[in-house]
Engineer: 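Have a look at this one.
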2 protein chains.
Amino acid sequence: MRLVVARCEVRYSGRLSAVLPEALRLLMFKSDGSVMVHSDAGGYKPENWMTPPTVIEESEGEIVVRKLGGEDRLDIRLAEIVSDVTHDMGEAAALQKDGVERELQELLADAPEWCGEGFRLVRREWPTDIGPVDLMCRDAQEDWIAVEIKRLGTISAVEQLTRYLERIRLDPSMGSCRGVLAAQSIKPQARVLAEARGIDCVEVDLAVLRGEREPDLTLFA
Amino acid sequence: MRLVVARCEVRYSGRLSAVLPEALRLLMFKSDGSVMVHSDAGGYKPENWMTPPTVIEESEGEIVVRKLGGEDRLDIRLAEIVSDVTHDMGEAAALQKDGVERELQELLADAPEWCGEGFRLVRREWPTDIGPVDLMCRDAQEDWIAVEIKRLGTISAVEQLTRYLERIRLDPSMGSCRGVLAAQSIKPQARVLAEARGIDCVEVDLAVLRGEREPDLTLFA
DNA sequence: ACTTAGATTTCGCCG
DNA sequence: CGGCGAAGTCTAAGT
């Protein structure tokens with residue numbers, strides 16, 4: 001994430017036209033392409049912004065942000081730069097690729113303990129009559145755990161896992177099967193719903209799983 | 001404006017409960033009391049926030065943000081502070097916008113003939129007991145026409161105008177009042193519904209209304 | 001203070 | 001991909 005504090009004039013044209021006269025503002029460039037222009041007051045909303053996908057061109061004293069497939073355009077004329085810093089906030093949050101869910105599944109299949117203490121893999125793609133569960137594990141107490149893996153944990157991911165659990169528990173020997181939702185990022189509302197249904201949530205870091213980076217905290221300390 | 005880049009865990013409780021696991025994030029404290037928690041991805045919206053008025057208490061390794069008159073509360077547990085800077089941004093001049101519904105209404109009030117041939121304005125914000133109609137006009141035959149103005153013409157705009165007409169026509173002298181939906185752009189489904197209800201649709205071009213550009217077609221050719 | 005309606009709404013789902 | 005509805009909607013304006 002790049003944070004620029006600068007005296008600047010900002011012009012937006014697209015669905016409407018807007019001009020922000022020259023003043024000190026915060027420019028926020030997220031690695032997903034989002035751009036936001038905040039002033040010190042004005043509350044929650046940015047004074048100006050562009051949502052992804054965007055193309056950002058920077059030249060001397062000027063930054064132009066264009067919407068990838070559209071007409072929208074943000075022209076930022078920089079009069080004075082007070083501060084310009086870039087923070088690496090973790091690649092896992094920044095990168096979003098299509099094959100991520102599959103890679104997550106492969107990595108978690110190799111290291112199911114990231115989904116819960118003492119977990120060991122029984123099989124990937126455990127079949128149920130309404131579709132396969134991503135991972136089926138057992139823990140040290142020999143309890144069953146169904147793991148649903150997503151890039152982004154949403155309400156519908158919780159619903160999906162709930163449906164699987166409903167089917168799985170019909171088998172008397174798996175009547176106490178638990179559920180775990182594992183994702184790079186889990187939406188707050190999905191977390192609430194999962195908790196209400198007794199489903200555990202685990203956020204996993206792709207870089208850590210790959211062994212590219214050390215975990216920030218000792219697991220299960 | 002204070003900008004803190006920190007590894008932190010954030011808990012929100014209020015209208016719902018949410019937990020953001022420990023990760024690197026940007027904390028933004030505006031001088032109007034707004035607090036926003038941004039991650040590097042996730043687009044326009046903060047992961048968590050509090051709108052003013054707020055009370056902010058800071059102690060060692062923890063920041064608590066409370067809503068002044070309410071229950072809402074944000075607990076930020078700081079694990080590691082990467083950066084913590086405060087910028088005095090003074091006050092930024094106000095945003096100048098145009099192309100919003102207000103401007104459309106002003107332009108069409110000055111030139112109601114764009115809403116229909118021979119239209120002349122009787123008054124803006126014509127009051128009914130369920131709210132004001134944007135424009136009330138009469139045409140060459142002295143017929144009444146209620147005009148609803150939107151930036152984007154949707155189903156709900158047609159519904160709104162229908163409700164107004166329903167009220168207006170209760171007045172015997174206006175029993176034959178017609179309706180016109182004027183918008184920069186009108187959704188096909190809204191157009192269908194409007195037609196079915198005998199409401200005329202007019203797409204207006206902002207640049208033409210402003211006199212910046214000639215109309216593509218002769219009106220009422 | 002409460003209610004209503006607009007927003008460059010954004011966001012997510014479902015066809 | 002477009003339409004629809006929800007959002008911790010937020011925000012400004014009117015009563």
Side-chain angles (χ1 to χ4, degrees), chain A residues 10-20 32 34-37 41-52 54 65-67 69-74 150 152-160 187-193, chain B residues 10-20 30 32 34-37 42-54 65 67-74 94-105 125 127 129-134 148-157 159-160 163-164 183-193 206:
Chain A
V10 183
R11 289 166 183 276
Y12 165 73
S13 63
R15 278 172 279 188
L16 56 73
S17 298
V19 183
L20 295 172
D32 63 356
S34 317
V35 178
M36 279 143 285
V37 179
Y44 168 90
K45 277 183 73 171
E47 284 192 305
N48 230 320
W49 71 93
M50 189 86 73
T51 50
T54 60
V65 183
R66 291 170 210 269
K67 189 81 176 193
E71 307 274 307
D72 299 63
R73 161 189 185 123
L74 211 52
K150 285 275 182 273
L152 178 66
T154 62
I155 295 270
S156 69
V158 177
E159 300 283 17
Q160 186 182 352
K187 293 280 178 189
Q189 295 196 349
R191 204 177 279 276
V192 171
L193 180 63
Chain B
V10 183
R11 290 166 183 275
Y12 164 74
S13 63
R15 276 171 279 191
L16 57 74
S17 295
V19 183
L20 300 173
K30 288 193 179 185
D32 64 357
S34 317
V35 177
M36 279 143 287
V37 179
Y44 168 90
K45 281 183 73 171
E47 284 192 305
N48 231 321
W49 71 92
M50 190 84 74
T51 52
T54 59
V65 182
K67 188 83 175 191
L68 190 50
E71 303 282 303
D72 298 63
R73 160 190 185 123
L74 212 52
L95 172 65
Q96 303 156 24
K97 272 198 252 192
D98 54 334
V100 289
E101 185 182 320
R102 191 84 207 162
E103 190 190 1
L104 263 185
Q105 191 188 119
E125 305 286 348
D129 53 4
I130 54 167
V133 174
D134 289 327
E148 177 63 30
I149 299 169
K150 286 276 182 275
R151 200 167 56 75
L152 179 65
T154 61
I155 294 271
S156 70
E159 299 283 16
Q160 188 181 351
R163 289 195 301 274
Y164 287 142
Q184 281 182 281
S185 167
I186 298 179
K187 294 276 181 190
Q189 294 193 351
R191 203 179 279 276
V192 171
L193 181 62
L206 200 54

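Proteins come first, then strands; the chains are lettered A, B, ... in the order of their sequence lines, and each starts at number 1. Only this structure's heavy atoms are used, side chains among them; waters, hydrogens and symmetry mates stay out.
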Engineer: Distances under 3.5 Å between protein N/O atoms and the N/O atoms of nucleotides 12-15 of chain C, please, pair by pair.
Structural biologist:
{"from": "C:dG12", "atom 1": "OP1", "to": "A:Lys187", "atom 2": "NZ", "distance (Å)": "2.8"}
{"from": "C:dC13", "atom 1": "OP1", "to": "A:Ser156", "atom 2": "OG", "distance (Å)": "3.4"}

Engineer: B:Thr51 and B:Lys67: side-chain donor and acceptor closer than 3.5 Å?
Structural biologist: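 Yes - a donor-acceptor pair under 3.5 Å links their side chains.
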Engineer: Separation of B:Leu68 atom CG from C:dA1 atom P, in whole Å?
Structural biologist: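 Checked: the CG to P distance equals 10 Å.
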Engineer: Nearest whole angstrom, please: distance from the P of C:dA5 to the CD of B:Glu159.
Structural biologist: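 Answer to the nearest Å: 14 Å.
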Engineer: Answer yes or no: is there a donor N or O on one side and an acceptor on the other, between the side chain of B:Lys30 and the main chain of A:Gly43, under 3.5 Å?
Structural biologist: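 Yes; judged by distance alone, with no hydrogens or angles, the pair exists.
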Engineer: How far does the P atom of C:dC11 sit from the matching atom of D:dT11, given to the nearest Å?
Structural biologist: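 It works out to 15 Å between them.
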Engineer: Using a 4.0 Å heavy-atom cut-off, write out nucleotides 8-15 of chain D from 5' to 3' as B (base contacted by protein), S (sugar-phosphate only) or - (no contact).
Structural biologist: BSSS----
Engineer: So with a 6.0 Å cut-off around CZ of B:Arg11, is the heavy-atom count from everything else above 12?
Structural biologist: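 Open: at most 12 neighbouring heavy atoms sit under 6.0 Å from CZ of B:Arg11.
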Engineer: I need the CG-C1' distance between B:Asp134 and C:dT4, as an integer number of Å.
Structural biologist: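 Whole-Å distance recorded here is 14 Å.
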Engineer: Going by purine N1 to pyrimidine N3 plus the second Watson-Crick contact, or the G-U wobble pair, all under 3.5 Å, which nucleotide sits opposite C:dT10?
Structural biologist: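 Checking every strand shown, C:dT10 finds its partner in D:dA6, with both distances under 3.5 Å.
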Engineer: I need the CD-P distance between B:Gln184 and C:dT8, as an integer number of Å.
Structural biologist: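 It works out to 12 Å between those atoms.
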Engineer: Got a sec, which residues hit side chain to side chain contact (heavy atoms under 4.5 Å, CB included) with B:Arg102, two or more places apart in sequence or on another chain?
Structural biologist: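 Result, side chain to side chain contact (heavy atoms under 4.5 Å, CB included) vs B:Arg102: B:Val100, B:Glu106, B:Arg124, B:Glu125.
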Engineer: For a side chain to side chain contact (heavy atoms under 4.5 Å, CB included) check, start with the C-alpha distance between A:Lys187 and A:Ile155, then their side-chain angles and the critical distance, and finish with the verdict.
Structural biologist: CA-CA 8 Å; A:Lys187 293 280 178 189; A:Ile155 295 270; over 6 Å; no
Engineer: When the P atoms of D:dC4 and D:dG8 are considered, how many whole Å apart are they?
Structural biologist: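 The answer is 22 Å between these two P atoms.
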